[in-house]
Protein chains: 2
Amino acid sequence: MSASGKTRTPGRDVLRDSVLGGDLVFLLARANALTLAAANAALAEHGLKARSYSVLALAADGARPTQRELAEFLRLDPSQVVALVDGLEKRHLVERRTDPADRRANVLVATDAGRDLFARAQQAARAVELGLLATVTPEEHERLAGLLRLLAFPD
Amino acid sequence: MSASGKTRTPGRDVLRDSVLGGDLVFLLARANALTLAAANAALAEHGLKARSYSVLALAADGARPTQRELAEFLRLDPSQVVALVDGLEKRHLVERRTDPADRRANVLVATDAGRDLFARAQQAARAVELGLLATVTPEEHERLAGLLRLLAFPD
DNA sequence: CTCAATGATTGACATTTTCAACGGTTCGTG
DNA sequence: CACGAACCGTTGAAAATGTCAATCATTGAG
C-alpha cells in the first residue's frame, strides 16, 4: 500500500518538509524564538534581556531618543517603555532628561556605568549572533541582515 | 549653527542607523512583529491567527503529527497546543485520533472542512508573504527563506 | 487666550508564557 | 509478570507581555 507508511517516528523531518517549511511568517517566528532565547541567555549574566539591552543600546550611542521614539522603534506600547526605562534608571544605567526643546518629552541618555555595561553586553550579543550564523559566510550574513531590514522597515 | 538643522524630529532615521540597525536579534524581532501582525490581519477573515493557521496547516497536509511534535515544531508549551487544538476541534476543522501505535499520543488530522478552510487561508497567507517581499526578486526571496531555515533549524 | 493634539504615566484588563502536578500509557529491567 | 521510570496530554495557577483608556503637563495653532 502506498499510504501505509508507518514511520514510527514521523515527526523529526516530516513536519519540516511540510507546507510550513516554506512559510516565511512561520520561519521568522521560529527563528526569532530561538534567537531571542539565545540572546536572553547570553545577556542574563549582565542582568539584561533583549528588550532592556535594546533600550540601553539606543541610549548608549548618543541618539538621545525620546521614549515615544523608543516605543515606535522597538514596536512597544509607550507604557512598556516606561517600565523598561524605570528598570534601567533604577540601576543607574540611563537617565531621563526632559527635552529642552519640548518639555513634555524625556530624552534617554546612558550614564558612564550604562555605556560600560553596554560595551560588555554588546560583546556577548555579538558572540551569540556569530554563533548562530557560524555556518554562513560573512557575505551571506550581511545579505540576511539586509533582507531582514527590508521586512523590519518597509518604507 | 554648527549643528546643521536642529532636526526636531531626530528619531526617524537616527535610530535606524544606530548599533541596533545591524543587530540580527533586533531585526528578527521587529521583522517578526510586523510580519506576524500582517499575517494575523489577513487570516482574521478566516477566523484564524498565525498560530492556529500553523496547526491547521500541519494537520491538513497529512503529516499526522502528535501534539508533542506540534509543540516542539512550533516552539510552544504542550498546554498551549491543547488550547489551540481545542479551538480547531470545536470548529470541526481537525480531529484528535489516538495514535494506535502509542495510545498516549493524539495524532492530528484535518477534516474535509479543515482542508477546505486551509486551502483558502493559504492563499491569503501567500498573498501576504508576496506583499511583504514585493520589492525583492524571487531568488532573494528564496535565499531569505533558506537563511531563516538555518536559524530556525540549527542541526 | 483657548483648544485640540501630544508625551509620559498610571491602572485595568486580556493574552501569552511558563511551570508544576496529575492520570493514563509505554517500555526497560529485574 | 511486576516494578518503576519516562512520556503524552491535560489542567490549573503564576508570571510576564500586550493592549487600551484616562490623566496631567505641555505644546502649538488659531
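Everything quoted here is computed from the prediction, not taken from an experiment. In what follows, chains carry the letters A, B, and so on, assigned in the order in which the sequence lines appear, proteins first and then strands, with residues in each chain numbered from 1.
Looking at heavy atoms from C-beta onward, A:Leu151 lies out of side-chain contact with B:Asn32 at the 4.5 angstrom threshold. By the 4.5 Å heavy-atom criterion applied to side chains, A:Arg96 and A:Val107 are not counted as neighbours.
Between the side chain of B:Arg91 and the backbone N or O of B:Gly47, at least one donor-acceptor pair lies under 3.5 Å.
Residue A:Val85 forms a side chain to side chain contact (heavy atoms under 4.5 Å, CB included) with just one option from A:Leu108, A:Leu93, A:Leu56, A:Asn106, and that option is A:Leu108.
For D:dC7, the base has a donor-acceptor partner in the side chain of B:Arg104 [N/O atoms by modelled type, under 3.5 angstrom].
Nearest heavy-atom pair, A:Leu15 versus B:Glu69, reported as atom, atom and distance to 0.1 Å: CD1-O, 3.9 Å. Closest of all the heavy-atom pairs between B:Leu27 and A:Ala152 is O-CB, 4.1 Å. Scanning all heavy atoms of the two residues, the minimum distance from A:Leu74 to A:Ser54 falls at CD2-CB, 3.9 Å. Residues A:Pro78 and A:Arg68 approach most closely at CG-NH2, 3.7 Å, considering heavy atoms.
Heavy atoms of other residues, nucleotides or ligands lying less than 6.0 angstrom from CZ of B:Arg120 number more than 12.
Listed pair B:Arg103 / D:dC8 fails the phosphate criterion, with no side-chain N or O lying under 4.0 Å from OP1 or OP2.
In terms of position on DNA chain D, the residue among A:Asp102 and A:Arg75 whose nearest nucleotide sits closer to the 5' end is A:Arg75.
Between A:Glu142 and A:Arg149 there is a salt bridge, since a side-chain N of the basic residue sits under 4.0 Å from a carboxylate O of the acidic one.
Interface residues of residues 24-53 of chain A facing DNA chain D, ordered by number: A:Lys49, A:Arg51; criterion, heavy-atom separation under 4.0 Å. Near DNA chain D, meaning a heavy atom under 4.0 Å away, the residues from residues 76-86 of chain B are B:Pro78, B:Ser79, B:Val82.
Sequence neighbours left out, the pairs with a member in residues 134-155 of chain A that pass ring-ring contact (aromatic ring centres under 6.0 Å, His included) are A:Phe73-A:Phe153.
Qualifying side-chain contact (heavy atoms from CB on, under 4.5 Å) partners for A:Gln123, counting only residues two or more places apart in sequence or in other chains: none.
You'll find the ring centres of B:Phe118 and B:Tyr53 inside the 6.0 Å limit.
With axes fitted over five pairs at each extremity, the angle between the ends of the helix from C:dC1-D:dG30 to C:dG30-D:dC1 is 20° (10° resolution).
Heavy-atom contacts of chain B under 4.0 Å fall on DNA chain C between two terminal nucleotides, which in 5' to 3' order are C:dT16 to C:dT26.
The separation between A:Asp99 atom CG and D:dA25 atom C1' is 15 Å, rounded to whole Å.
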